[in-house]
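In this text, all values refer to a predicted model and were calculated from it rather than measured experimentally.
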Amino acid sequence: MRLLITLLLALALLTALGSYAHWIEQRPSSHYLSDLRSQVALDIGEPGPRGNLLGIQPELFAADYQSLARLRLKLAAYLDHARDQGMLNERTVVVLPEHIGTWLLAVGEKEELYRAAERRQAMHWLAASNPLDFLAALLSAGSDARLDDAMLRTKAKTMARDYQALFGDLARDYQITLVAGSIVLPEPRVEQGRLEIGRGPLYNASLVFDRAGNPLGQPQRYAFSAGALTTEAADAVQVLDTPAGRLGVLLGGDMHQLRQANADNGETIELLAIPSDLDSQTDDALLNQHLQNHGVRAGLQVHLRGRLWERNGQPQALAFDAGHSERGTSEHGAQLINLWL
């Protein structure tokens with residue numbers, strides 16, 4: 001009798017494991033249709049030979065990350081609209097929002113992840129459907145908020161590859177300089193033209209791609225807290241030569257970060273890109289004062305819009321030029337923010 005019970009329990013366990021393994025392998029495709037429209041919220045100045053800064057505030061939802069092709073379709077629609085409006089040229093620098101690359105961790109996942117009400121619940125589905133990768137990530141995770149840290153590492157190698165493929169190809173195909181928002185990765189770095197990761201701390205990093213689709217310089221890195229989803233100030237801002245001028249990238253837009261925005265080697269930042277998340281805003285007066293003090297000529301702050309699990313909103317973009325600033329609208333939908341230099 002004991003042997004029979006043991007055999008039945010073993011059979012039940014094997015059946016359960018088999019069902020779980022089958023569930024892990026399933027990645028059903030969805031027929032979710034996303035809104036590809038965008039509106040021109042700000043168009044400041046007149047076209048000229050110096051080029052322009054073009055900010056894109058995409059309205060994104062979790063289901064937009066079901067596949068790389070789906071996300072590319074949406075971003076390409078915004079760029080097509082900008083091109084139709086005459087806003088793309090060989091000196092255009094396009095700025096995308098913070099964490100647009102971080103949520104590439106959701107690419108190719110289970111339907112339950114996209115339907116989750118909260119980000120933490122979605123991450124649990126991520127861990128459940130990638131058990132071996134999650135366990136491997138747990139070994140490298142930091143001591144602070146270790147489970148959250150591990151979830152962000154679970155697909156880091158694939159995320160780095162997808163980030164470069166997606167945004168590098170967009171920069172090349174549209175012949176633009178592209179500030180590719182940001183992505184959270186462990187020790188990101190560029191080696192021989194490729195974005196690579198390590199096993200050390202997590203960083204919120206932004207990479208800029210040139211008109212050929214190649215990385216410009218190294219990622220601009222900021223230490224990142226996985227538990228609080230917060231970005232710490234950088235010691236210095238990298239200066240990159242672009243067709244429109246010397247560019248610096250500052251993530252988040254918090255004033256304590258802006259006060260740290262001293263360029264490497266004392267170089268002057270002419271243009272400042274501030275990719276921001278759903279819920280970050282900057283004090284206009286303090287920002288203008290900072291820009292004047294540091295000789296920055298012009299810049300844009302752009303945000304993610306839409307709904308990514310419980311985080312949602314329609315934050316306003318901010319354009320600043322020669323000491324003057326102007327905010328975009330809070331109307332729903334994706335927005336183009338254009339500043340002629």
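Here the closest heavy-atom approach between residue L300 and residue I337 is recorded as CD1-O, 3.7 Å. When all heavy atoms are compared, the tightest approach of A141 to R153 is CA-NE, 3.6 Å. Among all heavy-atom pairs drawn from V93 and A244, the shortest one is CG2-CB, 3.9 Å.
When atom types are taken as modelled, the side chain of Q314 and the backbone of G333 share a donor-acceptor pair closer than 3.5 angstrom. For the pair N130 (side chain) and F134 (backbone), a donor-acceptor distance under 3.5 Å is absent.
In summary, K155 and D162 do not engage in a salt bridge, as defined by a charged side-chain N under 4.0 Å from a carboxylate O. A salt bridge is absent between R50 and E270: the closest approach of a Lys/Arg side-chain nitrogen to an acidic carboxylate oxygen does not fall below 4.0 angstrom.
Annotation: salt bridge (Lys or Arg N to Asp or Glu O under 4.0 Å) contacts involving residues 171-189, sequence neighbours excluded, comprise R72-D173, D169-R172, R189-E191.
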Intermediate values then yes/no, side-chain contact (heavy atoms from CB on, under 4.5 Å), M123 and L152: CA-CA 9 Å; M123 294 304 96; L152 287 168; 5.5 Å; no
E310/R119 under side-chain contact (heavy atoms from CB on, under 4.5 Å): CA gap, chis, key distance, verdict: CA-CA 7 Å; E310 77 274 22; R119 178 189 58 86; 3.6 Å; yes
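The local environment of CZ in R194 is sparse, with at most 12 non-hydrogen atoms from other residues, nucleotides or ligands closer than 6.0 Å.
Between Y163 and F167, the ring planes are perpendicular. Angles over 60° get that label, and only those under 30° would be called parallel.
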